[in-house]
Amino acid sequence: MDEVLGQSLQLPCGVTLPNRIAKAAMTEGLADRYLRATARLCRLYERWSLGGAGLLITGNVQIDKRVLERPGNVAIDANGGRRMLELWAQAGTVAGNHLWMQISHAGRQAPWYATWEPLAPSPVQLRILGTYRKPRALNDAEIRELICRWAAVAGVAKDSGFTGVQVHAAHGYLLSSFLSPAVNRRIDAWGGSLENRARMLLESIRAVRKRVGPSFPVAVKLNSADFQRGGFEFDDCLKLVEMLNAEGVDLLEISGGSYEQPRLLGFSGDAQTAQGESSTAKREAYFLEYAKQVRAIAKMPVMVTGGFRTRAGMRAAIESGDTDVVGIARPMCGDPEIVGKLLRAEVAETPRFEQTLKVMSGNQSTPMWLWPIQVFGQQAWYYVQIFLLGRGMNPKLGLWPMLCFMIFQTDEMVRALLLRRRKPPLEREEPRYVGHG
């Protein structure tokens, strides 16, 4: 076992993570038509649990079934499904690791085919490919009701057997949009100053903590910056971390970007055009530069997600004290056992799928005008690998990204057509899932 990455980590609440590598959240799209957990999620997370990560963080579980990030989201909103949540929690912890539910509200980043009326702090429309409707601004009573929902969903997660929760305040979703001056143009108690813009996040964390108690892990995912003119800046992030120091947060994950500036997907000029080891080093250092400054003021452990591919880079990040936990995600789609291989020092790095997945055939380089298609094709490739793992199959690494894009888009549209948001019929007593062994 790697003596650095294999170290345990005790969190402020008293809970211990068995090692320093976590699976960061990825949207799965495997819920049923009533937005409930399924046997496919159980199979997926059992496979990842057996893969060796000390912590698995689920994709964004929605607190509001009216507003979805995609049609296959799990939602917890008077739609039943408690027994399947329990089975999901059991499957995802079969190897003794932690499984934390990421709880979220999509806000304005909810596509038209999954959401009739997006919600946001202000009616600022997301203009990407004509996919998003103009959102409606939340009123004061709705904001307070959503804060209660975060607490209620956290309580369901705890009662169902999940070992922690992560409040999603990054990547442009609702809490993140409240933090951004570019999206939050309110002039009431929920907008204006950073203290007001952070109010919904802070009150949500307090409500969650009150519901789950002091000994249950509560994490927060936060942008280092939105990378948008007039948006949430890094100075805002540092000030917000100081506010979070007083809130009993057990783990702070640092990431960055939104749908309009998707640094979380690696979509930036230098990161996409550079190749080889120098590119990997730059990507591994990208969010770490921000995390180093966050770590200097944070009183809670810090997790960094974004670009880690080499075991040496992960070890260096931990040993330097710049981060306490390393988050990886996409490599686990193509190799669900990669974390165990890293911990046992069987490999020096994860697969670099992002360097081999190309829209163009052969050795042709992708022209700049095709980069958006390249990024969406790569993203769909990872989604399709998740679909395969959820079916109990192995990844198919040779799939062409554009074929995956067509598979993914077809799945999204079919799921959107089948969505049922009303109260589901009575559940079967025995869901169709048989766990490991």
Side-chain angles (χ1 to χ4, degrees), residues 5 17 19-30 41 44-45 47-61 69-70 72-73 92 97-102 104 166 168 170-173 219 221-224 251-259 262-267 271 280 283-284 286-288 291 302-311 313-314 317 323 325-343 347 349-357 375-376 378-390 395 397 404 408:
L5 300 178
L17 300 181
N19 61 56
R20 300 301 184 94
I21 302 182
K23 183 205 82 71
M26 291 182 286
T27 178
E28 307 99 355
L30 296 177
L41 279 167
L44 173 67
Y45 277 84
R47 185 77 178 268
W48 277 336
S49 175
L50 295 169
L55 168 63
L56 305 178
I57 303 176
T58 73
N60 43 8
V61 174
E69 172 257 347
R70 58 187 292 205
N73 286 154
N97 57 285
H98 278 264
L99 176 64
W100 294 359
M101 181 186 288
Q102 185 187 76
S104 181
Q166 183 187 66
H168 196 349
H171 298 171
Y173 298 114
K221 186 164 189 169
L222 186 67
N223 274 358
S224 55
L251 185 66
L252 177 63
E253 181 183 357
I254 297 297
S255 188
S258 66
Y259 282 19
R263 296 294 174 98
L264 65 155
L265 299 179
F267 187 55
T280 298
R283 286 175 57 82
E284 289 188 325
Y286 191 83
F287 289 122
L288 203 56
V302 171
M303 170 178 164
V304 178
T305 300
F308 283 107
R309 293 295 180 267
T310 67
R311 187 162 59 88
M314 298 176 196
T323 188
V325 178
V326 168
I328 63 174
R330 289 182 288 178
M332 295 178 67
C333 297
D335 186 352
E337 286 80 39
I338 188 60
V339 175
K341 295 174 185 176
L342 290 166
L343 291 171
V347 296
E349 61 184 43
T350 72
R352 304 183 191 184
F353 299 120
E354 64 274 4
Q355 292 186 5
T356 58
L357 296 173
V375 169
F376 290 131
Q378 286 187 1
Q379 187 179 22
W381 185 90
Y382 293 109
Y383 288 147
V384 171
Q385 305 308 324
I386 287 175
F387 294 166
L388 293 170
L389 291 172
L397 305 184
C404 294
F408 166 70

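Fair warning: this is a prediction, and the values are worked out from it, not measured in the lab. As a basis for the values below, the full set of heavy atoms in this structure was taken, side chains included, without hydrogen atoms, waters or symmetry mates.
For the pair Asn223 (side chain) and His171 (backbone), a donor-acceptor distance under 3.5 Å is present. Side chain of Glu28 to backbone of Gly59: a donor-acceptor contact under 3.5 angstrom is found. Ser104 contributes no side-chain N or O that, together with a main-chain N or O of Val61, makes up a donor-acceptor pair within less than 3.5 Å. A donor-acceptor contact shorter than 3.5 Å links the side chain of Arg311 to the backbone of Val347. Trp100 contributes no side-chain N or O that, together with a main-chain N or O of Leu55, makes up a donor-acceptor pair within less than 3.5 Å.
Under the side-chain hydrogen bond (donor to acceptor under 3.5 Å, both in side chains) criterion, Arg70 pairs with Thr27, Glu412, sequence neighbours left out. With sequence neighbours excluded, the residues that form a ring pair (Phe, Tyr, Trp, His ring centres under 6.0 Å) with Phe353 are Trp381. Judged as a ring pair (Phe, Tyr, Trp, His ring centres under 6.0 Å), and not counting sequence neighbours, Tyr382 has no contacts. Under the rule for a side-chain contact (heavy atoms from CB on, under 4.5 Å), the partners of Ala24 that lie at least two apart in sequence or sit in another chain are Glu253, Met303, Thr305, Ala329. Considering only residues two or more places apart in sequence or on other chains, Asn97 meets the side-chain hydrogen bond (donor to acceptor under 3.5 Å, both in side chains) condition with Ser49. For the side-chain contact (heavy atoms from CB on, under 4.5 Å) test, residues two or more places apart in sequence or in another chain that qualify with Gln102 are Ala25, Ile57, Thr58, Asn60, Gln166, His168, Lys221.
Checked against Met314 for a side chain to side chain contact (heavy atoms under 4.5 Å, CB included), the options Thr323, Val325, Val304, Leu5 give a single hit: Leu5. A side chain to side chain contact (heavy atoms under 4.5 Å, CB included) with Lys23 holds for exactly one of Leu56, Val339, Ile328, Leu99; it is Leu56.
Distance check: Leu44 CG to Met332 CE gives 9.0 Å after rounding to the nearest 0.5 Å. Remark: Trp48 CH2 to Cys333 SG distance equals 5.0 Å, nearest 0.5 Å. Here CD1 of Ile338 is found 10.0 Å from CG of Leu343. Values are rounded to the nearest 0.5 Å. Between atom CD1 of residue Ile21 and atom CG of residue Leu342 there is a gap of 5.0 Å, rounded to the nearest 0.5 Å. In this structure, CD in Gln379 is found 12.0 Å from SG in Cys404, a value given to the nearest 0.5 Å. Annotation: the span from Arg330 atom CZ to Tyr383 atom OH amounts to 10.0 Å, rounded to 0.5 Å.
In terms of heavy-atom proximity, Pro395 sits nearest to Gly334 at CG-O, 3.5 Å.
Using a 4.5 Å heavy-atom threshold, the side chains of Arg352 and Thr310 count as touching.
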Inset, instruction - Go through the steps for Asp335 and Thr350 under the test side-chain contact (heavy atoms from CB on, under 4.5 Å), then give the verdict. - result: CA-CA 8 Å; Asp335 186 352; Thr350 72; over 6 Å; no
